[in-house]
Every structure is written in structure tokens, then in C-alpha cells.
> 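Pasting a structure below so you can have a look.
Just so we're clear, the structure is a prediction, and the values are computed from it rather than from any experiment. Each chain gets a letter, A, B and so on, in the order its sequence line appears, and its residues count up from 1.
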Amino acid sequence: MFFDYREKIGRFITKNVKNIFSVDLEKVVVTSPPQVKFGEYSSTFPFQLAKILKRSPLQIGEEFVNGIDLSQSEISNFVIKVENIKGYVNFHLKRSIFFRELLNTLLADNKKISGPWDTSLKVIVEHTNINPNKAAHVGHLRNAILGDTLVRLLKKMGFNVEVQNYIDNTGVQVADIVVGLKYLKGMGVKEVKELSQMEKFDYFCWDLYTEVGKFYEKKKENLELRRNTLREIESGKGELYEISEMVSSSIVRCHLKTMKRLGIGYDLLPRESDILHLKFWERAFNLLREKRTIEYENEGENRGCWVFKYLNRGKEDTKIIVRSNGTVTYTGKDIAYQMWKFGKLGVDFYYKKFSTEDGFVWMTTSHKDEGEREHPTFGNGDIVFNVIDVRQGYTQNIVYEALKKLGYKREYENSVHFSYEMVALSPKCAVDLGFKLSEEDKGKNFVEVSGRKGLGVKADDLIDKLLERALEEVKNRDVKPDEMRDTAIKIAVGALRYYMLKYTKNSMIIFDMEDALSFEGETGPYLQYSVVRAKNILRKYMDEYQLDEEDLYDIFRKSVFSEISMEDDIWELLWEFIRLDEMVYNSYKKREISILAKGLFSISQKFSAFYSKYRILKRENKREREELLSFVYIFLKIMEFYLWILGIPIVDRM
RNA sequence: GCGCCUGUAGCUCAGCUGGAUAGAGCAACGGACUACGAAUCCGUAGGUCGCAGGUUCGAAUCCUGCCAGGCGUGCCA
């Protein structure tokens with residue numbers, strides 16, 4: 001509902017400029033001034049007109065303001081004043097109307113985000129996608145938290161969202177663990193089965209993975225074991241395959257458990273092995289060949305390969321899709337999978353329930369008899385978001401280009417690589433973790449996380465540390481003993497999620513333990529604390545005046561807004577509440593979650609300032625007290641609504 | 001070589017479609033609690049927005065060139 005104000009003002013300007021100056025403005029830009037004292041909307045059209053009319057912007061602004069008739073316009077119901085300051089034409093809104101409307105919406109528990117997008121569309125978001133061969137680390141956390149927040153954002157915008165977490169259970173990474181278990185540890189199916197039941201099997205594999213890395217380095221022939229293992233896993237039969245199944249399912253359970261701690265869940269786990277066995281690739285290959293999207297090379301350096309040729313900024317680029325030995329590359333499989341997501345492959349998976357600690361999640365399967373007869377419809381998306389780090393940009397682009405060349409223009413346009421920069425460690429952090437760095441690495445300002453070297457901060461370790469620190473803090477504060485643990489968990493989650501969301505996606509996060517474990521300043525707990533303060537005010541007020549919630553709502557329904565609540569600093573905050581929907585839309589449009597995260601932090605900051613400036617309970621004037629109280633209520637409700645999107649839990653006391 | 005990204009305060013980062021005085025957090029310094037609990041607030045200090053041109057009434061923002069850094073760019077998986 002707040003989206004059209006800007007447009008209405010734009011139309012108002014165009015119309016009146018034509019009346020007054022007989023000039024057609026091509027494009028009117030309506031911006032928001034830096035401070036509310038300049039109004040809520042502003043336009044600089046007098047600067048554009050100055051040249052044409054050969055007069056100063058100031059004069060033009062004056063003439064415009066004098067020439068309009070506000071009361072007869074379509075903006076008169078929400079604009080109270082139009083003024084000209086130095087050539088900036090500023091529009092002031094009727095503050096109390098917005099106050100009332102927002103409060104009523106919140107009291108009716110009817111807050112929704114609506115705007116110029118089509119909510120009948122189905123959106124598929126793919127995120128997390130961790131190789132199921134070892135524990136998750138901080139880099140994976142950025143992906144999962146970013147992806148999950150995107151999902152929450154889309155859901156609040158009204159889209160039908162499906163969350164997929166792709167499991168690459170037939171890749172080298174899993175094969176390496178199988179090699180380790182079989183040839184380094186000398187284990188068979190039975191032993192692995194027992195071992196994979198252990199707590200923190202993912203931690204065990206983390207260490208084993210680096211051992212296997214050294215094992216390969218020691219003797220090149222050992223790599224032969226990997227090749228054979230990989231082949232057997234892909235075949236779907238035999239001892240090594242069985243071991244790989246146990247490894248990947250057990251590790252997937254570990255990952256799901258880790259993500260669950262952060263409030264992250266999934267609708268479907270599509271598996272690479274099923275894409276393989278259900279011959280998704282063959283199907284895609286036929287389509288690609290029929291439509292001549294890929295071609296066979298008879299000569300040259302790529303002789304014997306099927307390649308995809310496309311124009312990349314005017315230059316022809318060639319990417320091998322099928323190798324000369326007949327095997328398909330990752331890009332090829334990705335094309336097939338992306339086609340399936342859009343419902344363009346003409347084949348589907350079977351679906352089974354994959355048990356987790358507290359229920360199940362849907363997983364694909366290749367076997368008809370294993371699949372459930374009844375299951376939700378998966379795939380068939382209209383828009384697909386792939387949350388993958390920036391390094392995959394080239395490959396992602398080829399996948400989308402292939403869709404375009406296949407004739408799926410809409411699908412091409414609706415394929416989004418939701419990319420983000422990687423998480424690296426500061427050299428100091430790496431040393432603190434016990435890694436020996438080379439002199440060269442010490443001189444750099446970051447060290448790349450490497451699963452193969454075991455260099456990285458494990459996700460669960462980080463969450464545990466945050467939890468520990470939160471517990472220490474909580475013990476010294478106003479929290480009941482039986483709520484301490486729950487509160488500490490919420491704080492830990494809030495801190496971690498905000499930490500991962502506050503950076504723009506193009507910014508590399510150089511992980512620093514001190515910053516990540518901080519609960520002060522620009523952190524999740526700061527946001528949570530501001531909400532706790534709002535709750536405390538309302539609670540104390542109810543205690544002091546012997547009111548229940550209904551009494552309180554009654555007060556809010558009746559409260560009137562006068563001078564106090566229209567003070568600039570209060571209004572500025574309220575205006576920011578109102579503009580949050582626009583911010584959500586911007587986050588979506590620009591694919592930049594940090595816009596919303598930063599916005600909520602800014603609101604929390606302003607509320608904290610408000611909190612220390614206006615003492616509400618001690619205020620003598622009842623009417624003013626109630627006005628301010630209703631404002632606190634609005635803040636609380638707004639924060640509950642939008643913090644949900646960031647996945648930052650609300651805390652009662654801290 | 002080509003492509004993408006980055007360069008803003010001592011450090012880590014924001015800065016929307018070009019617009020009004022370039023903002024936060026951390027660190028430093030100085031203040032504010034017998035309390036709507038200080039995980040906070042207020043204040044001070046700190047900036048040739050990598051460099052040089054250009055476009056514009058107006059540039060951190062757009063264009064060009066240069067410098068510095070990062071990441072891609074395999075018939076690997």
C-alpha cells in the first residue's frame with residue numbers, strides 16, 4: 001500500500017509542471033530526503049527545468065509551490081504541505097494518519113507485505129548444498145543463512161516457496177571418505193554402519209578427510225583407489241556403494257541437525273545419485289541435441305566432445321558438456337537439474353521420507369517401490385534462485401545460457417544466481433585455531449577456508465562457543481533460571497545470523513572470532529535487546545496500572561496522536577517502520593539481504609535513543625503517556641514481524 | 001590475455017534512482033545508572049571517498065584511462 005505514494009507524487013508533479021510551465025517532464029525522480037524535516041518525499045525537478053526555462057531552480061520551485069492546488073489533487077488525502085527549499089520541492093505527509101493506520105493494522109494482527117509483484121508464482125530456492133562428507137563450516141553457514149533468509153523474505157512477500165538442499169552423494173568428496181574408511185581404517189559395511197551412528201560422525205569425517213588428502217599426496221597410485229571407488233558408487237551396487245550411502249545419509253543428518261539449530265529447514269533433498277539413475281542427463285542430452293543447443297566436434301582440440309557454444313559479450317565461448325570418453329561434466333548435470341526445476345525435463349523423481357531427529361524431510365529416490373504414493377508436487381517452479389558462491393558464476397551463467405538457447409527464454413530470465421563472496425579466515429584466527437601458516441600466508445590479510453586441509457571453523461563449534469558466551473552473560477542478568485538456556489540459544493542464533501547478514505554479498509567476510517562472538521554494537525543481540533526493552537515497558541506499565549492485555553489494546557485503540565508523537569525524532573522512526581516494506585522489496589529486487597538487516601539495525605538504534613530520551617512510565621500527562629506507549633507497541637510488533645525474516649529470535653528478557 | 005568483483009575514518013564495513021552537512025560499529029578519549037535494568041545512551045577526536053581526467057547546475061555514486069588486491073576462466077571432480 002505504501003508503494004504508490006511515490007508514483008502518485010510523481011504524477012502530481014508531471015501534471016502540474018505541464019500546467020504551470022507548459023513543459024513535459026520526461027522522467028520525474030521522487031526521492032526521500034536525508035532528514036524528515038525536509039519532508040518524506042522530495043523532487044529535484046527544478047534543477048532539470050532551470051536550463052530549459054533559463055531561471056534559477058529556486059524561482060521555479062517557488063512558482064511551482066504557488067501554482068499548485070493541493071486540496072483538489074489526488075495526493076491531498078496524505079500530503080499536508082508542499083514546500084520549496086533551495087530548489088528542492090519537498091512533500092510533507094499527514095503524520096497522524098499514518099500513525100493511526102499502522103497501529104490499527106498491527107492491532108488487528110493483519111500486517112502483510114504487498115506490492116508490485118505476482119504472488120501466484122512458485123519460487124524455488126536452492127541453498128546449503130554441502131558435500132555430505134564432513135562437518136559444515138562457517139562458509140556453509142553464510143550460504144545457509146543467506147538462503148534461509150531469502151526464503152523467509154519471499155514467504156513474507158506472499159510467494160509460494162520451495163526450498164531445496166542438493167545432496168551431491170556421488171562425488172569425489174564422498175568417495176574420499178569411503179577410501180579412508182575402507183583402506184585407511186580397514187572397515188567394511190558392518191563397521192561403518194556402527195561408526196556412522198556415533199555422535200559427531202561429521203567431526204570424525206572432517207579429520208579423516210584430511211588424512212585421505214595426505215594419503216593421496218604420499219603416493220600418486222593411491223588416487224587409483226579413488227577412481228575405482230567413484231565408479232562403484234556411481235554404479236549403485238557393491239560394498240563401496242553401500243558404505244557411501246551410509247556415510248552420506250549420516251552426514252546429511254548431521255548437517256540438518258546443525259542447520260535446525262539456526263532455524264533452517266528444507267522441503268526437499270534432491271540427490272545427485274537419483275539424477276544419475278533416473279537418467280535425467282540422457283533426457284536433457286536428447287533435448288539439447290535435437291534443438292542443436294550443443295554440437296559434436298569432429299576436429300580441433302575438443303575433438304570427440306559435445307560442446308556448448310554461446311556468445312559471451314560478443315565473443316564466442318566454448319564449453320565442453322560431454323567429454324570425448326562419453327562422460328558428462330558437472331555443467332551438463334546442472335543443466336538437466338535446472339530444467340527439472342522449471343518442469344521442462346518431462347521426467348520426475350520418486351520421493352521418500354528421510355527421517356530426522358524430529359520427523360522427516362522429503363528426499364528423492366530412484367526406486368519406484370521406495371517412493372511414497374502421496375507426496376507434494378516438487379519442482380515446476382516459475383522462478384529459481386540458486387544460492388551459490390561467486391566462484392561458480394561462470395558455470396551458472398552457462399547453465400542459464402543453455403536454457404536460453406534451448407528456447408526457454410522466460411526460464412532464462414527467471415534463473416537467478418544468488419551469489420555471494422566467500423568466507424575466509426584472518427591469519428590470526430587460523431593461528432588461534434592451531435594451524436601452522438606459511439610466511440606467505442601470514443602476510444596476507446586472509447586465508448581461504450579449505451575442507452581438504454581441515455582449515456576452517458566448524459559450524460557447530462562456533463554455535464557452541466556463542467552459546468557458552470551467551471550463557472555466561474545471561475547468568476548475570478534478569479533471566480529466570482529455567483529460561484536461561486533457551487534465552488542463551490536465541491541470543492547465540494541472533495548473533496550468528498546477523499553477523500552473516502550484515503555484510504553485502506559482494507563483501508568477503510574475513511572471519512574474526514572476536515567480532516563474531518560480540519554481543520555489543522552492531523550485532524543481533526543489540527536488535528534483540530531493543531525489543532526486550534519495549535517488552536519491559538509494556539510489562540511494567542501493565543503491572544503498575546493493573547491492566548491485562550485487552551485493557552492495553554483498548555488504550556491503543558482510543559489513543560490520539562498529538563504533538564508529542566509528532567516530534568521529528570519519533571516520526572522519523574515511525575516513517576522508517578512504514579518504509580520497511582519498500583526495503584523488503586529493495587532487498588528482493590537488488591538481491592541484497594543486508595539492506596533489510598541494516599535497516600532493522602538503524603531502527604533499533606533510533607529506538608534505543610528514544611528509550612533513553614522519553615521516560616514513559618514516569619510521565620505525568622496520561623494522554624502523552626499512552627501515546628508514547630502505543631508507539632512502543634508499534635515498535636515491538638514491527639520488530640517481531642521483520643526479525644522473523646532475518647531469523648533472529650525474539651527474547652522475553654535479557 | 002579475457003571476464004567478474006573490490007578499493008570510503010586506525011580496523012571492519014554502510015552509503016538507495018547522481019542531490020541537501022559522506023555515515024555506523026569496533027578501538028581511543030570524556031561523560032551518564034539506588035534503574036521503563038548500562039548487551040545501553042550522550043559527547044569528543046578521526047575522511048585528498050585508490051590516482052588522473054571527463055560528463056553534469058551538482059559525482060563516493062555515471063564514463064574513460066591508470067594503480068593495487070581478490071576470484072573465475074580445466075575433457076580435474
Side-chain angles (χ1 to χ4, degrees), chain A residues 27 29-35 38 42-44 46-48 50-51 56-57 85-88 90 168 171-173 175-176 226-227 230 301-307 312-313 315 317 319-325 327 329-330 389-395 397 419 421-422 424 426 444-446 448 470 473-474 476-478 491 495 502-504 506-510 512 514-515 518-523 525-526 528-530 532-541 544 582-583 586 590 592 594-595 597-598 601-602 605 608-609 611-619 628-629 632 653-654:
Chain A
K27 197 176 138 200
V29 180
V30 180
T31 56
S32 301
Q35 292 168 52
F38 296 131
S42 175
S43 180
T44 53
F47 291 91
Q48 296 171 49
K51 211 169 190 180
S56 77
I85 299 175
K86 298 189 293 186
Y88 294 87
N90 298 332
D168 181 3
V172 261
Q173 298 228 13
D176 285 343
R226 174 205 266 179
R227 266 188 290 275
L230 200 55
E301 53 178 357
N302 297 331
R303 190 155 51 100
C305 299
W306 286 88
V307 301
N312 189 2
R313 277 159 230 281
K315 285 202 312 198
D317 211 338
K319 173 75 190 172
I320 291 164
I321 304 295
V322 181
R323 303 182 189 102
S324 53
N325 66 6
T327 58
T329 60
Y330 259 63
D389 78 72
V390 68
R391 288 175 293 188
Q392 302 274 348
Y394 178 72
T395 319
N397 191 244
S419 80
E421 263 293 351
M422 57 180 188
S426 62
K444 290 184 176 172
N445 45 3
F446 68 89
E448 198 173 341
E473 286 289 332
V474 159
N476 305 321
R477 292 167 200 273
D478 175 37
I491 291 168
K502 72 174 175 180
Y503 296 93
T504 53
N506 280 339
S507 173
M508 191 190 291
I509 297 182
I510 297 170
D512 184 88
E514 284 289 308
D515 286 349
S518 168
F519 297 153
E520 285 165 21
E522 195 191 346
T523 64
Y526 180 99
Q528 292 169 314
Y529 188 59
S530 68
V532 165
R533 287 173 138 180
K535 284 194 171 202
N536 284 344
I537 296 174
L538 295 175
R539 186 166 34 227
K540 287 250 172 172
Y541 195 84
E544 209 163 315
E582 210 173 23
M583 222 175 252
N586 272 338
K590 294 181 194 301
E592 188 53 86
S594 69
I595 293 175
K598 291 270 182 188
F601 173 67
S602 157
Q605 261 183 321
S608 294
Y611 177 90
S612 48
K613 182 175 168 186
Y614 297 91
R615 300 264 125 183
I616 297 170
L617 299 189
K618 281 188 187 146
R619 198 167 268 267
L628 291 171
L629 204 66
V632 171
R653 294 165 193 264
M654 64 188 276

> Closest approach to the side chain of A/Glu448, judged atom by atom: which nucleotide of B/rC75, B/rA20, B/rC71 is it?
B/rC71
> Would you classify A/Phe446 as touching base, sugar-phosphate or nothing, given that sugar-phosphate means primed atoms plus P, OP1 and OP2, and contacts are heavy atoms under 4.0 Å?
sugar-phosphate
> Just how far, in rounded Å, is C1' of B/rA35 from CD1 of A/Ile537?
12 Å
> Do the side chain of A/Ser42 and the main chain of A/Thr31 share a donor and acceptor less than 3.5 angstrom apart?
no
> Tabulated below should be each protein N or O lying under 3.5 Å from an N or O of nucleotides 55-60 of chain B; please produce it.
| residue | atom | partner | partner atom | Å |
| --- | --- | --- | --- | --- |
| B/rC57 | OP1 | A/Lys51 | NZ | 2.9 |

> Between A/Gly304 and A/Pro34, which has a closest nucleotide on RNA chain B that is more 5'?
A/Pro34
> Scan A/Val322 against the nucleic acid and name what it touches under 4.0 Å (heavy atoms): base, sugar-phosphate only, or nothing.
nothing
> Quick one: label A/Asn90 by what it contacts on the DNA or RNA (base, sugar-phosphate, nothing), any heavy atom closer than 4.0 Å.
base
> Output yes when a side-chain donor or acceptor of A/Ser43 lies under 3.5 Å from a complementary backbone atom of A/Val29, and no otherwise.
yes
> Side chains of A/Tyr330 and A/Gln392: does their closest heavy-atom pair fall under 4.5 Å?
no
> By the 4.0 Å heavy-atom rule, please label A/Gln173 as base, sugar-phosphate, or nothing.
nothing
> Quick test: give all pairs of protein nitrogen or oxygen and nucleotides 12-14 of chain B nitrogen or oxygen below 3.5 Å, distance rounded to 0.1 Å.
| residue | atom | partner | partner atom | Å |
| --- | --- | --- | --- | --- |
| B/rC13 | OP1 | A/Met508 | O | 3.2 |
| B/rA14 | OP1 | A/Thr504 | N | 3.0 |
| B/rA14 | OP1 | A/Thr504 | OG1 | 2.1 |

> Return the OG to CZ distance between A/Ser530 and A/Phe601, rounded to the nearest 0.5 Å.
9.5 Å
> Can you confirm whether A/Phe38 sits close enough to A/Ile85 that some side-chain heavy atom of one is under 4.5 Å from a side-chain heavy atom of the other?
yes
> Using atom C1' in both nucleotides, what's the gap between B/rU12 and B/rG54 to the nearest angstrom?
33 Å
> With sequence neighbours excluded, what pairs up with A/Lys590 under the side-chain hydrogen bond (donor to acceptor under 3.5 Å, both in side chains) test?
none
> Determine the sole option in A/Gln528, A/Arg533, A/Lys535 for which the side chain to side chain contact (heavy atoms under 4.5 Å, CB included) test with A/Met654 is passed.
A/Gln528
> Quick one: does A/Ser324 reach the base of B/rC75 with a side-chain donor-acceptor pair under 3.5 Å?
yes
> Using the P atom as the reference point in each nucleotide, state the distance between B/rG43 and B/rG25 in Å, no decimals.
11 Å
> Apply salt bridge (Lys or Arg N to Asp or Glu O under 4.0 Å) to A/Asp389 and list each qualifying residue two or more places apart in sequence or on a separate chain.
A/Arg391
> Sequence neighbours left out, what passes salt bridge (Lys or Arg N to Asp or Glu O under 4.0 Å) with A/Glu522? Give chain and number order.
A/Lys598
> Using the C1' atom on both, measure B/rU44 against B/rA9 and round to a whole Å.
15 Å
> With a non-hydrogen cut-off below 4.0 angstrom, is A/Val29 in contact with a base, only sugar-phosphate, or nothing?
base
> Rounded to whole Å, how long is the line connecting atom CD of A/Gln392 with atom P of B/rC5?
17 Å
> Contact class for A/Val307 (heavy atom, under 4.0 Å): base, sugar-phosphate, or nothing?
nothing
> Taking OH from A/Tyr394 and C1' from B/rC5, how many angstroms apart are they, rounded to a whole number?
17 Å
> Could you tell me which residues satisfy side-chain hydrogen bond (donor to acceptor under 3.5 Å, both in side chains) with A/Glu520, sequence neighbours excluded, listed by chain and number?
none
> We want to know whether A/Ser608 and A/Tyr529 form a side-chain donor-acceptor pair, criterion being a heavy-atom distance below 3.5 angstrom.
no
> May I ask you to check whether over 12 heavy atoms, not counting those of A/Glu301, lie within 6.0 Å of atom CD?
no
> Of all residues at least two apart in sequence or in a different chain, which pass the salt bridge (Lys or Arg N to Asp or Glu O under 4.0 Å) check with A/Arg227?
A/Glu224
> If you compare every side-chain N and O of A/Asn536 against the phosphate oxygens of B/rG37 (OP1, OP2), does one of them come in below 4.0 Å?
yes
> Partners of A/Lys540 by salt bridge (Lys or Arg N to Asp or Glu O under 4.0 Å), sequence neighbours excluded?
none
> Would you mind reading off the distance between A/Gln35 atom CD and B/rG19 atom C1', rounded to a whole angstrom?
14 Å
> Could you please name the option among B/rG37, B/rC16, B/rC71 that lies closest to any side-chain atom of A/Lys590?
B/rC16
> Using atom P of each nucleotide, how far apart are B/rA45 and B/rA24 to the nearest Å?
13 Å
> Can you check the distance between B/rC33 and B/rA38, where both ends of the measurement are the C1' atom (answer in whole Å)?
7 Å
> Judged by each residue's nearest nucleotide on RNA chain B, which is more toward the 5′ side, A/Arg391 or A/Tyr88?
A/Tyr88
> I need the A/Tyr541 OH to A/Leu629 CG distance, nearest 0.5 Å.
5.5 Å
> Counting any heavy atom closer than 4.0 Å, what does A/Ser42 reach on the DNA or RNA strands: base, sugar-phosphate only, or nothing?
base
> Evaluate whether the aromatic ring of A/Phe38 and the six-membered ring of the B/rA20 base sit under 5.5 Å apart, centre to centre, with an inclination under 30°.
yes
> Say we look at B/rG47 and B/rC11: how far apart would their C1' atoms be, to the nearest angstrom?
14 Å
> Would you tabulate the pairs of protein nitrogen or oxygen atoms and nucleotide nitrogen or oxygen atoms of nucleotides 40-44 of chain B closer than 3.5 angstrom?
| residue | atom | partner | partner atom | Å |
| --- | --- | --- | --- | --- |
| B/rU40 | OP1 | A/Gly521 | N | 3.1 |
| B/rU40 | O2' | A/Arg533 | NH1 | 2.8 |
| B/rU40 | O2' | A/Arg533 | NH2 | 3.1 |
| B/rC41 | OP1 | A/Tyr526 | OH | 2.5 |
| B/rC41 | O2' | A/Ser612 | OG | 3.2 |

> Would you please confirm or rule out a distance under 4.0 Å between OP1 or OP2 of B/rC76 and any side-chain N or O of A/Arg323?
yes
> Suppose we screen for side-chain contact (heavy atoms from CB on, under 4.5 Å). Which residues come up paired with A/Gln173, at least two apart in sequence or across chains?
A/Asn131, A/Asn133, A/Lys134, A/Tyr209
> Looking only at atom C1', what distance separates B/rG18 and B/rG58, rounded to whole Å?
8 Å
> How long is the line joining NZ of A/Lys618 and P of B/rA35, in whole Å?
6 Å
> Please give, in whole Å, the distance from B/rG7 P to A/Glu421 CD?
11 Å
> Can you tell me how far C1' of B/rC26 sits from CZ of A/Phe601, to the nearest Å?
11 Å
> In this structure, which stretches of RNA chain B are paired as stems of three or more consecutive Watson-Crick or G-U pairs, both distances less than 3.5 Å?
B:1-7 with B:67-73, B:10-13 with B:23-26, B:28-32 with B:40-44, B:50-54 with B:62-66
> Using the P atom on both, measure B/rC57 against B/rC42 and round to a whole Å.
41 Å
> Excluding sequence neighbours, so at least two apart, what forms side-chain contact (heavy atoms from CB on, under 4.5 Å) with A/Val632?
A/Ala534, A/Ile537, A/Leu538, A/Phe607, A/Phe610, A/Ile616
> In whole angstrom, give the distance that lies between atom CD of A/Glu544 and atom C1' of B/rA35.
13 Å
